[in-house]
Every structure is written in structure tokens, then in C-alpha cells.
Amino acid sequence: MVDMPPEVGTAIGPYYVYALIDPRDGAIFYIGKGTGQRLLAHGWEAHMAADGRRHSEKIERIKAIRRAGLEPRIDVMRHGIVDEDDAFMVEAVLIDCLGIDNLTNKPRGHGVDKGRHTLDELVRRYGAPRFQIDAPPALLVRLRYWQDQKLQIEQGYFRSGYGYRDGMTVTEMGDSIRAWWRISPGSVKARRAEYAVAVHEGITRGVFKIGEGWIQGDDGRWAFDVEPMASGAVFDSWVGPLGRSVRDHFLKGSQTPIRYYP
């Protein structure tokens, strides 16, 4: 394993940003922020991880490199960073540039809301008008950033992940919005909510007609059928070309993903 005298860690601090590189193909597979000897911790973690058990993608990559008789290369991408927030910023920018799908980092990085996005996404986020007060009753479902996770919704049907990401398909959004929530068919019917609205970062992203089919999971949460709506009066009132701002309906700091309107 790579070694580093303590004085080197002091010299490149207080903070630095580093990369783990696979010597077999030169690919960067992890970006990290550290201080002291933090950049060596992954190698020691992999050394201590027992064989025959499932580990993180990062640890499995290090183990595969070592089985090939090699060691991961460690490159310090920027050192001598005085402010920790600046170190987080450098780390996040590198992750965005390299692409989270090409790395073993989970999650995407610090300050993801201010990270890499398409211009179209930023126009929606900061330019979306407020929703129309005469919009039909709906279930507002807040989607956080996308997470890859194969999960069964119906017998034999699995979704590939949940949450929201730029460029996601209508099917992915529908699968994210319809499962799994602490609601019930009775409560939705009592509120006369015929539609489910996908919300991300306070902006509506899509609207779906709630179907008749409901499924209850083992933990008591529910999933429901949805039918996407791409045009018409309901679509225009809830989404339109840029989405609608519904930030007022989700209190700052609240973790509740579901809100009813009205």
C-alpha cells in the first residue's frame, strides 16, 4: 500500500482534493476531499475488508486492482486549500465534470443543488411562474435527486431508480411518483385529488392522472397507477412549458414528501 509521511499531509493541507485512479486503464474512479492522511484511508479500508463479502463499488474496484498485482494511483488534484467550503466546491466540480456515472462516489457531491445542470433546467428552476390558483385538486409529490435502485412495484415489474434527474423519461418519472408513500386510497379520494404532480426543487415537473389500481406494500406504504398527461388544461395549469413554482407549499426544512392542494 502507498505510504505518506505525516509532514507531507501537513504540507499539502489544510485541505486537498484527490483522485483514485485505476492503473489498468488510467480511469479516475473516485474523487475525495481530505486533510492529513485521509487519501490513504480507502486503501486501508479495502485491505481490512473481508473477501467473499459484498462491499461498496469503490472497495471492490480497489480489490480488483490489487488482484491484478497493482495499486490504485493517487493524484492530488488541488492542495493548500485553506477554506473547507472551497475544498468541497473543488470536489463537487470535479465530480460534475467527470460524471457521477463514471465514478464510485455516492452520492454526487457537496452542494449538488448548485452543481452541474443544463441551461434548460436552470431556466425552469429560476424562471418558472407561480402555479395557477384555480388548478384542480392534486397530490404534490416532492422528488429528491435521483438514486439508482432496482425495486419491484408490481409483481414482475421493477423500476430502475427513484427521484428526479435532468432528462429522465416519462416512465421513470411516473414510477418515481407512484410509489411508495404513506398515504391511502381513502385519504386521496377524500381530498378529491385526481392528479399527482411531480415536484423537484420547488418546481412542478410533470402531472399524472391517478388511476384506480392501488397496491399496499409490506410496510404499509402505498403505490398507485398513473397515466401521464402531456397537454390540455390540467397540464397547462400545473406544468406548462416551464413548470410552476410551488415552493410556498413545502415549508423550508420540512422532510414531508407529500402535500395536498388545496
Side-chain angles (χ1 to χ4, degrees), residues 2-22 26-46 56-59 61-62 72-128 142-149 161-168 199-203 205 243 245-248 250-257:
V2 178
D3 197 8
M4 181 179 74
E7 58 267 25
V8 175
T10 300
I12 65 176
Y15 300 99
Y16 53 78
V17 176
Y18 62 95
L20 301 185
I21 298 170
D22 191 328
I28 294 175
F29 65 90
Y30 184 84
I31 294 291
K33 180 227 74 168
T35 187
Q37 296 195 337
R38 167 60 185 167
L39 75 179
L40 302 181
H42 310 288
W44 284 106
E45 184 183 355
S56 69
E57 187 180 352
K58 175 190 64 182
I59 296 303
R61 183 77 167 259
I62 294 173
R73 193 178 91 219
I74 304 174
D75 283 8
V76 177
M77 310 298 282
R78 181 69 62 180
H79 69 277
I81 305 173
V82 176
D83 190 283
E84 186 175 21
D85 286 342
D86 290 341
F88 276 128
M89 178 72 75
V90 173
E91 177 193 46
V93 169
L94 286 174
I95 290 173
D96 277 350
C97 287
L98 292 166
I100 190 64
D101 292 339
N102 300 315
L103 300 170
T104 58
N105 290 72
K106 304 294 179 191
R108 182 173 147 191
H110 186 77
V112 64
D113 59 319
K114 297 295 191 296
R116 183 177 182 176
H117 295 286
T118 65
L119 178 57
D120 285 346
E121 165 62 17
L122 296 181
V123 168
R124 289 182 176 88
R125 184 178 299 185
Y126 300 116
R142 180 165 57 183
L143 302 179
R144 301 193 182 279
Y145 284 94
W146 179 266
Q147 297 288 325
D148 289 318
Q149 184 185 53
Y162 62 94
Y164 180 85
R165 62 181 174 189
D166 295 353
M168 70 189 306
V199 179
H200 177 70
E201 292 293 318
I203 305 299
R205 310 298 177 141
S245 175
V246 291
R247 292 187 177 95
D248 294 346
F250 290 92
L251 299 178
K252 189 174 182 179
S254 172
Q255 299 300 309
T256 303

Between the side chain of S245 and the main-chain N/O of A128, is any donor-acceptor distance below 3.5 Å?
->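 Side chain of S245 to backbone of A128, a donor-acceptor pair under 3.5 Å: no, none is there.
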
Electrostatic pair R205-E121, nearest N-O below 4.0 angstrom |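 Result for this pair is yes, salt bridge flagged.
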
Flag the pair [X] / [Y] as yes when at least one side-chain heavy-atom distance between them is below 4.5 Å, and no otherwise.
X: L40; Y: I74; value: yes
X: L39; Y: M4; value: yes
X: D22; Y: R73; value: no
X: Y164; Y: R142; value: no

Can you name the nearest heavy-atom pair linking I81 to P14, along with the distance?
->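 It is O-CD, 3.5 Å.
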
Between P72 and F29, which heavy-atom pair has the shortest distance, and what is it?
->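 That would be CB-CZ, 4.3 Å.
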
Could you please spell out the steps behind the side chain to side chain contact (heavy atoms under 4.5 Å, CB included) verdict for R78 and Y15?
-> CA-CA 9 Å; R78 181 69 62 180; Y15 300 99; over 6 Å; no

From [atom1] ([X]) to [atom2] ([Y]), nearest 0.5 Å:
X: S56; Y: I62; atom1: OG; atom2: CD1; value: 7.5 Å
X: Y16; Y: M77; atom1: OH; atom2: CE; value: 14.0 Å
X: R165; Y: H117; atom1: CZ; atom2: NE2; value: 14.0 Å
X: H79; Y: T35; atom1: NE2; atom2: OG1; value: 13.0 Å
X: L94; Y: N105; atom1: CG; atom2: CG; value: 10.0 Å
X: K58; Y: L103; atom1: NZ; atom2: CG; value: 12.0 Å

K33 to F88 six-membered ring, cation-pi geometry met (6.0 Å, 45°) =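 So K33 does make the cation-pi contact.
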
Quick one: sort the Y18 and Y30 rings into parallel, tilted or perpendicular, breaks at 30° and 60°.
->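 Rings of Y18 and Y30: tilted, 30 to 60°.
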
When R116 is tested against each of D166, I100, D96 for side-chain contact (heavy atoms from CB on, under 4.5 Å), which residue passes?
->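 Testing R116 for a side-chain contact (heavy atoms from CB on, under 4.5 Å) against D166, I100, D96 leaves exactly one candidate, D96.
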
Take atom CZ in R125; do more than 12 heavy atoms of anything else shown fall under 6.0 Å from it?
->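 Counting other residues, nucleotides and ligands, CZ of R125 exceeds 12 neighbours.
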
Could you go through the side chain to side chain contact (heavy atoms under 4.5 Å, CB included) check for Y162 and L143 one step at a time?
-> CA-CA 8 Å; Y162 62 94; L143 302 179; over 6 Å; no

